[in-house]
Amino acid sequence: MNYPYQINSFDQYQSDYKRSVADPEGFWAGIAENFSWRRKWDKVLEWNFKDPRVEWFMGGKLNITENCLDRHLEKKGDVPAIIWEPNNPEEKSRTLTYSELHKEVCRFANVLKNNGVVKGDRVCIYMGMVPELSVALLACARIGAIHSVIFGGFSAQSIADRLQDARAEYIITCDGAFRGAKDIPLKAIIDDALVTCSFVKRVIVFERTKTPVSMIKGRDVWWLDEMKNAGDDCPAEEMDAEDLLFILYTSGSTGKPKGVVHTCAGYMIWAAYTFVNVFQYQPGDVHFCTADIGWITGHSYIVYGPLAAGATTMIFEGIPTYPDAGRFWEIVDKHNVNILYTAPTAIRSLMSYGTAPLENKNLSSLKTLGTVGEPINEEAWHWYDQHIGKGKCPIVDTWWQTETGGVLISNLAGVTPAKPGYATLPLPGVQPVLLDEKGQIIEGNDVSGNLCIRFPWPGILRTTYGDHERCRTTYFTAYENLYFTGDGCLRDADGFYRITGRVDDVLNVSGHRIGTAEVENAINMHSGVIESAVVGFPHEIKGQGIYAYVIFTGNLEGDLTRKDIAQTVTRIIGPIAKPDKIQFVTGLPKTRSGKIMRRILRKIAEGEMSQLGDTSTLLDPAVVEEIKKGKL
Ligand code: 7RM
């Protein structure tokens, strides 16, 4: 038994689960005892899903960085906290022990203070995958500033939208980021974003790529220069359990991403508890989560979960296929990785290169494999199991969301049963229910419906930044007194859960959440576009691809126009939202009330032409024939 809150057997899982439902407050108070508090809570939980209002560990005082750093110093000061592997395998990797990371974080926290950042300020972080990215998050948390990390694949326009929404006056960025053969000019993109964000007071720039940048006098400063003038003693700010820890923007079914808000204590406990239990982390293990810290997976399972557990966490700067498709396996071999956590899209992509990239790679250090982000197809699951796990590593299929803070449904590695394609069973504290179209709860097994959760867990989102009403309508009004996930789900005869995908207008492209309305808005920015409709289609590697139907006016030049439109999307959202297919049409299938019938467009994009269902209610049924003929 390595962590007092570690579940060691299926029996224990079952009894812990029961206890977490029968006495949630007692159960979570027991878990919370294992963390370090400045002051213990007065009350464990108060909640209602009407407002909604969820508060955990009320009156409790703490700082998450004391839990992630200070409390490990005595026994684990010399243990690696972060192992960093650069994009270029020729460059040296770096290790930061807990003492070193603590010192860096304190120093950079002082840099933030010296630059005017105070508790409650929003700090936007737009960096590549360097150890300093983790340092930046933790330094914010140390002084009570609220970080909002933006993934490097988002455009200047997306950054500006988020900066304005969060009213973030401080930015931490890099000159550039190395990703595979590319060098992304992060600072230049920030400069573009700031043209419309004159409220930004300070940009702190970490030098990574030596890409030439223009530094604006009075606004921009270098990370390294600032660090020279900063002391390395920085007492942690005392935070309330429910003070904001971070905002992370995520896509939904409307055109505008929402700032999901997580708070200090509940998020910390959820990230650490799920990290230890899902992956069955043992002290000394090297944990390699391949996500980017710009997504929730990186927040919870590269930074906060592992560090709160005193674990050793890998940060990989590059991509799975650079310099070749053997890179992950080379990293596993080189750093003796014990836990590998990646996305089905990465597995499918690497699978397509065959087993040659695995030759001469020693993967025997691996104990546990994990997947996240989208449903995993059986073929990919078995390839992962056989070729990477050599048939001896449990695979955890972890279902969760930005909004949930950490894993909600997953098997626990080697402790609870796995089933290919299934996330399997809920973690203690998680009470899933399935709903039918009429809003009735579906009881029993061998059923499917819309997935909701009927009781709060410590890591649930608290609000959407600056717009609580939006949080309520998005998650808590579809079904009364339930949190609605937006996912469809099947519960099999044994009570195991299988997530079948989104039931709203949200796409999952390579594990990235993208709203169809967002992409449509971006396409419509092109001056030649009259109207557009975006749907997903099955894509062999990405899971889902983006299919756009576009009504275009003026000079249509086929592929040239397509490229132009794709470029517009890249400019407005970023390269991750670029449509895979653009079909020009003269009309869209609409109901008499003017609503686009996406179901029909989806079927056509999927190639299921014969199953379009009833089209007689359409304003102009002939348009469907034209669209079918022009399918790409
Ligand atoms: C962690 C993350 C959330 C959406 C979610 C699902 C899908 C995530 C799985 C999955 C099937 C899984 N956060 N999803 N994990 N679907 N099996 N194991 O991905 O906010 O970016 O996306 O991703 O649709 O609602 S996210």
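Each ligand, and each atom within it, is numbered from 1 in the order the structure gives.
- Checked options Y281, W270, Y5; the residue passing with F275 is Y281 (criterion: ring pair (Phe, Tyr, Trp, His ring centres under 6.0 Å)).
- With 3.5 Å as the limit, one finds no donor-acceptor pair spanning the side chains of T398 and Y301.
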Inset, instruction - Step by step, work out the side-chain hydrogen bond (donor to acceptor under 3.5 Å, both in side chains) result for Y341 and T368. - result: CA-CA 8 Å; Y341 187 34; T368 297; over 6 Å; no

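- Note: Y483 and Y475 have parallel aromatic rings, judged against thresholds of 30 and 60 degrees for the angle between ring planes.
- Taking 4.5 Å as the limit, every side-chain heavy atom of E403 sits out of range of all side-chain heavy atoms of R462.
- Taking the salt bridge (Lys or Arg N to Asp or Glu O under 4.0 Å) definition, one finds that R599 meets it with nothing, sequence neighbours left out.
- Residues lining ligand 1 at a heavy-atom distance below 4.0 Å are given as I296, T297, V372, G373, E374, P375, D397, T398, W399, W400, Q401, T402, D487, I499, R502, N508, R513, ordered by chain and residue number.
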